[in-house]
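To start, the structure under review is shown below, and the notes come after it.
The basis for the numbers below is simple: all heavy atoms, side chains too, and nothing from hydrogens, waters or symmetry mates. Atoms within each ligand, like the ligands themselves, are counted from 1 in listed order. The structure displayed is predicted, hence computed values, not measured ones.
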Amino acid sequence: MTPASSALQLSLYRDIPRAEWARLARGMEQPLTEQEVVQIRGIGDRLSPAEVRDVYLPISRLLSGWARGTREIGREVGAFLGEDQPRIPFVVGVAGSVAVGKSTVARLLRELTSRWSETPRVELVTTDGFLYSNAELERRGLMNRKGFPESYDRRALVDFVTRVKSGEAEVRAPFYSHMKYDIMNDASVVVRQPDILIIEGLNVLQPPPAPNDVAVSDLFDFTVFVDADRAHIERWYIDRFLQLRQGAFSNPASYFNVFAHLSDAEAVETARGIWRDINLPNLIENVEPTKHRATLVLRKGIDHSVESVLLRKL
Ligand SMILES: Nc1ncnc2c1ncn2[C@@H]1O[C@H](COP(=O)(O)OP(=O)(O)O)[C@@H](O)[C@H]1O
Ligand SMILES: CC(C)(COP(=O)(O)O)[C@@H](O)C(=O)NCCC(=O)O
């Protein structure tokens, strides 16, 4: 992107500094107990109750109100057509790099938006379930491209969200196990007409690959991009890798068990290699270029705290 076009795209947003955004939380009741915040944290998370109140609580309020407004438009259209409108889930996409904190943001938004009376039923699906199986990735020569757009069954994902948005009572998504590093044939995630469906994944903001094609981003009602400096994200990726080495990797059933016995220096080198060869190129080529398509951009500082919120002008 040229600096000129990026400046142009930025002017599509209100840039709201954290302090100003946090003021919106005044008078809102903090809906999560400290215990609940602890449960939502990812591995090694230092997410504080203050961060939840100042940053994520106002976002959840906005999302819940946006979902109600969208439902009202649906009712309006129904009245215009003289038809009963089925209740259609409001679909939210959460995008960003590997290790930027998407899962934590998505889990927080699920918990917080479900506390508002307009949207009690909130479900969460991650797009890793739509990765091709390892056998299929091997066949396509894509084992080292996991997370790149071509490693996903894009049509299956679009089909899944289309069925949810067409009001089907029950829709199933495949399940990916991080422990097995593969799709599980005997497991799935079921979505039953929630008020809000959150779909979290690296590539959810990708445009359609061809002009006559549909992308999953065409089906979203609201999108969030979690953003931070590349150097910070690399740090977080390596730190998480080191923590997983002491935890999940030490399980003999884990695909990553081979990494459990590495020395600290070897583990850092391994994580840095995966970052450099897979996740950083994917961030640069595919993920970052979709940032300007989001409704809301969360800009994180080195300690994960959100420094500013960019909200698209309507
Ligand atoms: N708000 C936050 N505050 C502190 N640490 C965080 C926060 N969000 C994520 N992290 C940490 O950053 C790392 C990546 O987070 P995660 O949600 O797993 O990322 P992703 O889903 O984008 O790969 C984890 O180690 C997690 O504990
Ligand atoms: C499973 C992922 C592709 C993320 O998938 P997403 O839910 O974002 O679609 C990613 O976490 C991953 O495993 N990448 C492969 C490189 C690595 O091990 O870091």
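Under the 3.5 Å distance criterion, with hydrogens and angles disregarded, no donor-acceptor pair is assigned to the side chains of Ser133 and Glu136. Using a 3.5 Å distance cut-off with no hydrogens or angles, the side chains of His232 and Asp303 do not pair a donor with an acceptor.
Residue-to-ligand polar distances place Thr104 within reach of ligand 1: an N/O pair is separated by less than 3.5 Å. Residue Gly101 has at least one nitrogen or oxygen atom sitting less than 3.5 Å from a nitrogen or oxygen atom of ligand 1, judged on distance alone. For ligand 1, the polar-atom distance check against Ser103 finds a nitrogen or oxygen pair separated by under 3.5 Å. For ligand 1, the polar-atom distance check against Lys102 finds a nitrogen or oxygen pair separated by under 3.5 Å. For a threshold of 3.5 Å applied to N or O pairs, the pair formed by Asp303 and ligand 1 contains no separation below that value. Among the atoms of Gln243, none of the N or O lies under 3.5 angstrom from an N or O of ligand 1.
Listed by chain and number, the residues in a side-chain contact (heavy atoms from CB on, under 4.5 Å) with Leu47 are Val37, Arg41, Asp45, Glu51, Val52, Tyr56, Thr104, Leu108 (sequence neighbours excluded). Not counting sequence neighbours, Glu29 has no partner by the side-chain contact (heavy atoms from CB on, under 4.5 Å) test.
A salt bridge links Arg172 with Glu170: at least one charged nitrogen is closer than 4.0 Å to a carboxylate oxygen. Salt-bridge annotation for Arg155 and Asp213: present, with a side-chain N of the basic residue lying under 4.0 Å from a carboxylate O of the acidic one.
The only member of Leu197, Ile199, Leu219 that meets side chain to side chain contact (heavy atoms under 4.5 Å, CB included) when paired with Val164 is Leu197.
The aromatic rings of Phe130 and Phe160 sit tilted, their planes meeting at an angle between 30° and 60°.
Between Val190 and Val171 there is no side-chain heavy-atom pair separated by less than 4.5 Å.
Not a single heavy atom of Gly96 sits less than 4.0 Å from an atom of ligand 1. Using a 4.0 Å heavy-atom cutoff, Ser97 is listed among the residues neighbouring ligand 1. Ligand 1 has at least one atom lying under 4.0 Å from a heavy atom of Lys300.
If you chain together ILVMFWY residues whose side-chain heavy atoms come under 4.5 Å of each other, Phe80 ends up grouped with Ile73, Val77, Leu81.
No donor-acceptor pair under 3.5 Å is formed between the side chain of Asp195 and the backbone N or O of Val122.
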Taking a 3.5 Å cut-off between nitrogen or oxygen atoms, can you list every pair linking ligand 2 to the protein, with distances?
| from | atom 1 | to | atom 2 | distance (Å) |
| --- | --- | --- | --- | --- |
| ligand 2 | 5 (O) | Tyr152 | OH | 3.4 |
| ligand 2 | 7 (O) | Asp128 | N | 3.1 |
| ligand 2 | 8 (O) | Leu202 | N | 2.9 |
| ligand 2 | 9 (O) | Thr127 | OG1 | 2.4 |
| ligand 2 | 9 (O) | Asp128 | N | 3.3 |
| ligand 2 | 9 (O) | Tyr152 | OH | 2.6 |
| ligand 2 | 19 (O) | Tyr237 | OH | 2.7 |
| ligand 2 | 19 (O) | Asn279 | ND2 | 2.9 |

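Taking all heavy atoms of Ala228, Gly147, Ala99 into account, the minimum distance to atom 23 (O) of ligand 1 is reached by Ala99.
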